[in-house]
Amino acid sequence: MKVDTEFLSALKLGGEFDARLCINCGTCTALCPLGVELMPRRLFRYALLGHREGVLGEAETIFSCLLCRLCEANCPAGIHIAENVRTLRTVVNRDVYGLAEA
Amino acid sequence: MPVPIKSTLGMLGDNLRKRKSALPLRRRAVTGWTHGLNIPRGGETVLYTGQMWQMVPAIDAMSRQLAKYEGRSSARLFSVARSMNKVLNLTPFLARTSARERAAFDERLRNIAKLLAAAQVPFGYLYEDDLYAGGLAHDEGLDDAFRVQAQRVADALRRHGVRRVITVDPHTTNMLRSVYPTVVPGFDVQVKSYLEVLAERRLRATTKLGETATFHDSCVYARYEGVLEEPRSLLKEGGVTVLEPEMSGKLTFCCGGPLESLFPGKSAEIAKRRVGQLSAVSKRVVTACPLCLANLKRVAPADVTIQDVSDYLVKAYCPAPVPT
Ligand code: SF4
Ligand code: SF4
């Protein structure tokens with residue numbers, strides 16, 4: 001697995017990315033209306049490890065989140081899951097789709 | 001496979017940048033709902049629609065079009081559509097709606113204006129400056145396009161000297177109240193949903209409806225903005241017995257609406273699950289968001305009636321005009 005430090009710092013620039021507090025309990029996945037297809041734990045791990053390809057390869061998953069926050073309402077670590085997903089979207093838009101320019 | 005994400009988001013960004021809306025509508029489609037209501041232009045307090053109610057029938061029509069392409073290899077078609085859309089606004093072709101659908105959604109805005117008038121809340125309207133708040137661009141992570149739009153909206157409010165905004169849907173409420181202050185320096189306009197404004201006034205119903213219905217909380221009102229009690233207390237005072245479905249209040253279950261444009265198939269599956277939970281309690285369902293209303297309605301069986309909260313409130317709180 002390749003760690004991409006530039007990718008890591010881009011995520012930090014997102015400010016709100018707080019997935020490092022995740023304790024891997026699985027509550028979010030169990031409650032998510034999209035079920036197994038959306039895995040905050042796996043996605044967030046990739047992101048925290050700077051595994052750029054891992055994150056970017058999950059573009060479809062990243063864009064399927066409803067931002068409904070049902071997971072957050074039950075997350076014992078109080079992680080801002082939806083905002084983290086949104087941050088990953090900005091990264092995919094910029095790095096994969098080239099949609100950043102205003 | 002979803003519809004091609006890049007081209008669909010690209011079109012959204014292009015529309016926002018060039019045409020100041022996710023789905024550019026003709027002026028009459030935005031402001032036509034005010035016809036005959038004599039709402040003054042501007043003022044310190046304005047009713048702000050952010051074009052959501054006006055846009056939903058078009059989103060609905062567009063997603064029906066897009067659903068035809070879901071699962072097909074249509075990347076090329078979409079990328080051609082995006083390039084064309086840059087020069088020529090394709091939206092009216094992709095999002096053709098019937099006058100009847102549009103009128104039904106406009107009626108909810110009229111309901112809300114009548115309710116505020118019944119509560120003696122003075123308010124104006126910005127007409128052509130009632131711009132889209134940019135929620136979709138924010139949610140999809142198109143931050144640059146979103147910031148530009150947020151600044152446009154903030155400038156319009158400042159130009160008109162607006163101090164207080166009354167919103168009519170959860171998404172615009174969330175954008176203006178919770179997101180704008182983080183992206184527009186010095187944004188300090190007070191933002192309240194009409195449900196909060198009406199509940200604060202402790203308005204008394206003129207008619208007790210004597211109906212029973214199950215309430216579907218919008219995720220954004222319930223978990224982002226804490227608007228939970230207001231619609232319930234207004235319905236109860238109006239004589240509606242409010243039943244709670246499995247998954248309600250802070251633990252509400254999404255209507256699937258946010259996936260409508262990129263994953264219409266998944267969106268419909270989630271909507272069906274939600275309609276199942278709601279209709280298990282009552283065949284009459286009340287929503288408080290135009291997206292929830294459209295998304296749940298699309299998949300609801302014929303014996304389930306889905307209506308907006310304002311449909312009930314207007315009957316309970318606004319005395320019917322005396323026939324002449
Ligand atoms: S619920 Fe919270 S702590 Fe548990 S796995 Fe999900 S993100 Fe991590
Ligand atoms: S916010 Fe996203 S990850 Fe969380 S429950 Fe909703 S769809 Fe699932």
Side-chain angles (χ1 to χ4, degrees), chain A residues 7 10-17 27-28 30-39 43 47 55-76 78-102, chain B residues 1-14 16-17 82 135-149 151 171 174 179 182 217-220 222-224 247 249-263 265-267 269-271 273-274 291 295:
Chain A
F7 181 66
L11 282 177
K12 283 210 193 75
L13 283 179
E16 304 289 305
F17 201 79
T27 310
C28 51
L31 283 167
C32 175
L34 291 153
V36 287
E37 284 183 64
L38 191 72
M39 284 173 275
L43 257 183
V55 171
L56 302 186
E58 295 280 354
E60 189 175 330
T61 305
I62 293 171
F63 281 96
S64 1
C65 172
L66 298 151
L67 306 183
C68 73
R69 289 193 176 172
L70 183 56
C71 50
E72 278 180 35
N74 294 276
C75 169
I79 294 172
H80 297 98
I81 300 174
E83 187 55 25
N84 291 344
V85 171
R86 226 188 56 76
T87 303
L88 293 179
R89 285 181 182 175
T90 62
V91 174
V92 174
N93 283 338
R94 189 192 58 217
D95 290 8
V96 184
Y97 299 150
L99 293 173
E101 78 287 355
Chain B
M1 274 301 285
V3 299
I5 299 174
K6 175 182 171 178
S7 303
T8 312
L9 292 185
M11 234 151 123
L12 161 66
D14 296 340
L16 204 53
R17 276 186 284 271
R82 185 188 172 199
L136 198 51
H138 177 262
D139 289 355
E140 299 296 11
L142 295 166
D143 282 8
D144 294 336
F146 170 69
R147 272 199 196 97
V148 171
Q149 186 68 7
Q151 190 63 55
H171 296 269
N174 173 242
V179 181
T182 69
D217 288 277
S218 113
C219 300
V220 176
R223 284 192 283 266
Y224 284 69
M247 317 281 303
K250 277 252 184 257
L251 293 181
T252 186
F253 193 85
C254 186
C255 69
L259 290 187
E260 218 182 337
S261 7
L262 292 180
F263 304 87
K266 280 186 199 175
S267 171
E269 268 170 46
I270 295 171
R273 272 172 72 186
R274 185 52 171 163
L291 284 173
N295 222 50

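As a basis for the values below, the full set of heavy atoms in this structure was taken, side chains included, without hydrogen atoms, waters or symmetry mates. A, B, ... follow the sequence lines: proteins, then strands. Residue 1 opens every chain.
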Quiz item: Which one, B:His138, B:Met247, B:Arg273, leads in non-hydrogen pairs under 4.5 Å with chain A?
Solution: B:His138
Practice problem: State the OG1-CZ distance between A:Thr90 and B:Phe146, to the nearest 0.5 angstrom. | Solution: 13.0 Å
Quiz item: Where is the tightest heavy-atom contact between A:Phe63 and B:Phe263, given as atom of each residue plus distance?
Solution: O-CE1, 3.3 Å
Self-check item: Donor-acceptor contact below 3.5 Å, side chain A:Asn93 vs main chain B:Asp143
Solution: no
Practice problem: Measure distances from B:Thr252 to the heavy atoms of chain A and classify the residue's part below 4.5 Å as side chain, backbone, both or neither. | Solution: backbone
Quiz item: Given that the side chain runs from C-beta out, which part of B:Arg147 has a heavy atom under 4.5 Å from chain A: side chain, backbone, both or neither?
Solution: neither
Quiz item: What part of B:Leu259 gets closer than 4.5 Å to chain A, counting heavy atoms only: side chain, backbone, both or neither?
Solution: both
Exercise. Could you pull out the closest heavy-atom pair between B:Lys266 and A:Leu34, with the gap in Å?
Key: CD-CD2, 3.9 Å
Quiz item: Who wins among A:Ala73, A:Pro33, A:Ala59, A:Ala82 for the most heavy-atom pairs under 4.5 Å with chain B?
Solution: A:Pro33
Exercise. Please confirm whether the backbone N or O of B:Cys219 pairs with a side-chain atom of A:Arg69, one donor and one acceptor, at under 3.5 Å?
Key: no
Quiz item: In terms of heavy-atom proximity below 4.5 Å to chain A, should B:Tyr224 be classed as side chain, backbone, both, or neither?
Solution: both
Self-check item: Among the listed options A:Leu70, A:Leu31, A:Leu67, A:Val92, the residue most often paired with chain B at heavy-atom distances under 4.5 Å
Solution: A:Leu70
Quiz item: B:Arg223 side chain to A:Glu72 main-chain N or O, any donor-acceptor pair under 3.5 Å?
Solution: no
Quiz prompt | Residue pair A:Asn74 / B:Leu251, side-chain heavy-atom distance below 4.5 Å | solution = yes
